[in-house]
Amino acid sequence: MAEESGVTSAVFSTDLPVKRPREDELFSENNENGVSFSSVSGDSEDKKVPDCISSVIPGWFSEISPMWPGEAHSLKVEKILFQGKSEYQNVMVFQSLSYGKVLVLDGVIQLTERDECAYQEMITHLPLCSIPNPKKVLVIGGGDGGVLREVSRHSSVEQIDICEIDGMVVDVSKQYFPDVAVGYEDPRVTLHIGDGVAFLKAVTEATYDAIIVDSSDPIGPAQELFEKPFFESIAKALRPGGVVCTQAESIWLHMHIIEDIVTNCHQIFKGSVNYAWTTVPTYPSGVIGFMLCSTEGPPVDFKHPVNPLDANNSHSMVNGPLKFYNSEIHSAAFCLPSFAKKVIDSKTK
């Protein structure tokens, strides 16, 4: 764990391998320009190209991943605030020019101060506003604390458990993103550092009213969170009529992944199965989706919220006003473009 200042640049290469970025290779002090170059397989064993970040303009962070081949989203970097390597992944925080502070895990942007509200508020309130009086809520992932901040707006909730695999993410978020990590200050919250898959397997059947899976993309530590056995564990942990909301990728980039998620959920959950989406400018394609499902029991109509946040805004007293979510955008989130609707409907009927 170390703090660094300055900006990092890299030189664009057309034969840059598509792989997950690694900050420990990018920000090496061995290179006088602040850029580390690593050997990669190619036409020549002696060829040196940037391992991950590619930029034609010095001082820009560009995200490259096999999850979105052929494209990269770039942010101007003002200062590197933190770099560290946990047991599971590389962790970095930098100050961007236009999106505030940015949290990066294994070279992939997880949140920015400017647009995190569009994700945190939607992944939380889409499920919790769809059922009356949720009392016990489990968060898998979400180590930055943003989902906790949003769950704590619901006065009916009595117990909030969170299972995050990487303690460094929690610590770094508390230090650099206090307005996001404020959720940890709620006395209803119990933090469990460990594997979410193992945690769910040990949960007593029908424990939770809602489970929110705030995972990174299905590469590395989060891969199991997109597989059928994990969804089966979720279904067992939910009470009758309980709900789950999980990060479910982009309709512009990952329809093949979404098809598999919808198919698995339709087989496992005997209540409602719906796909919703929101806009997050710093997520590749600017769009990210959510899979919302309910277990057999009291019917759940995700498209029409029955548990609105307090009309008098009492939920804003501690954590500030909502910036993105409202009841109108809740219902609109389930309106899909024709190409996505056709695919998703074919898997649920």
Side-chain angles (χ1 to χ4, degrees), residues 117-142 146-162 183 188 206-215 231 234-248 258 261-262 264-266 268-280 288-311 313-316 319 322-336 340-341 344-345 347-348:
C117 60
Y119 177 83
Q120 314 276 22
E121 293 181 16
M122 292 295 277
I123 197 173
T124 304
H125 303 309
L126 287 177
L128 293 188
C129 290
S130 296
I131 57 175
N133 300 314
K135 297 185 181 302
K136 294 184 178 181
V137 179
L138 170 64
V139 180
I140 300 292
V147 171
L148 298 178
R149 179 193 66 199
E150 297 307 315
V151 174
S152 68
R153 295 182 189 274
H154 291 263
S155 58
S156 67
V157 174
E158 300 172 352
Q159 175 183 330
I160 309 170
D161 292 328
I162 177 171
R188 295 169 291 179
T207 295
Y208 293 103
D209 299 290
I211 296 176
I212 299 170
V213 184
D214 178 12
S215 69
F231 288 112
I234 289 175
K236 291 179 181 178
L238 287 172
R239 64 162 177 80
V243 296
V244 59
C245 183
T246 181
Q247 190 268 104
I258 294 170
I261 296 173
V262 174
N264 288 335
C265 289
H266 188 58
I268 295 167
F269 295 95
K270 303 307 179 183
S272 301
V273 176
N274 292 100
Y275 185 90
W277 57 314
T278 189
T279 61
V280 181
I288 194 168
F290 310 106
M291 199 74 219
L292 290 113
C293 308
S294 65
T295 55
E296 186 175 11
V300 176
D301 182 359
F302 287 109
K303 299 179 183 180
H304 300 94
V306 297
N307 180 33
L309 289 167
D310 300 335
N313 290 327
S314 62
H315 61 273
S316 302
N319 296 331
L322 291 166
K323 297 178 180 179
F324 191 89
Y325 176 88
N326 56 52
S327 58
E328 291 81 11
I329 208 167
H330 180 124
S331 296
F334 295 91
C335 296
L336 302 176
K341 179 177 173 60
I344 293 172
D345 284 353
K347 299 298 179 181
T348 57

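Along the sequence shown, residues are numbered consecutively beginning with 1.
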Closest heavy-atom contact between S272 and S294? N-OG, 2.7 Å
When you measure from the side chain of E150 to the backbone N and O of E121, does any donor-acceptor pair fall under 3.5 Å? no
Using every non-hydrogen atom in the two residues, find where V137 and L128 come nearest and quote the distance to one decimal. CG2-CD2, 4.0 Å
Between V139 and G141, what is the shortest heavy-atom contact and its length? CG1-O, 3.7 Å
Tell me whether the rings of H125 and H154 are parallel (<30°), tilted (30 to 60°) or perpendicular (>60°). tilted
Minimal non-hydrogen separation, T278 against A118, with atom names: OG1-O, 3.3 Å
Does the pair L309 and C129 meet the rule for a side chain to side chain contact (heavy atoms under 4.5 Å, CB included), with working shown? CA-CA 7 Å; L309 289 167; C129 290; 4.3 Å; yes
Strictly distance-based, threshold 3.5 Å: is any side-chain N or O of S331 a donor or acceptor partner for the main-chain N or O of H304? no
Euclidean distance, I261 CD1 relative to F231 CZ, rounded to 0.5 Å: 5.5 Å
Donor-acceptor under 3.5 Å (T124 side chain, V151 main chain): no
Salt bridge or not between K135 and D209? Use side-chain N to carboxylate O under 4.0 Å. no
With a cut-off of 6.0 Å (strictly less than), are more than 12 heavy atoms of other residues, nucleotides or ligands near CD of E296? no
When every non-hydrogen atom of Y325 is compared with those of P305, the smallest separation belongs to OH-CB, 4.3 Å
Looking at every heavy atom in both F324 and C117, which two are closest together, and how far apart are they? CB-O, 4.0 Å
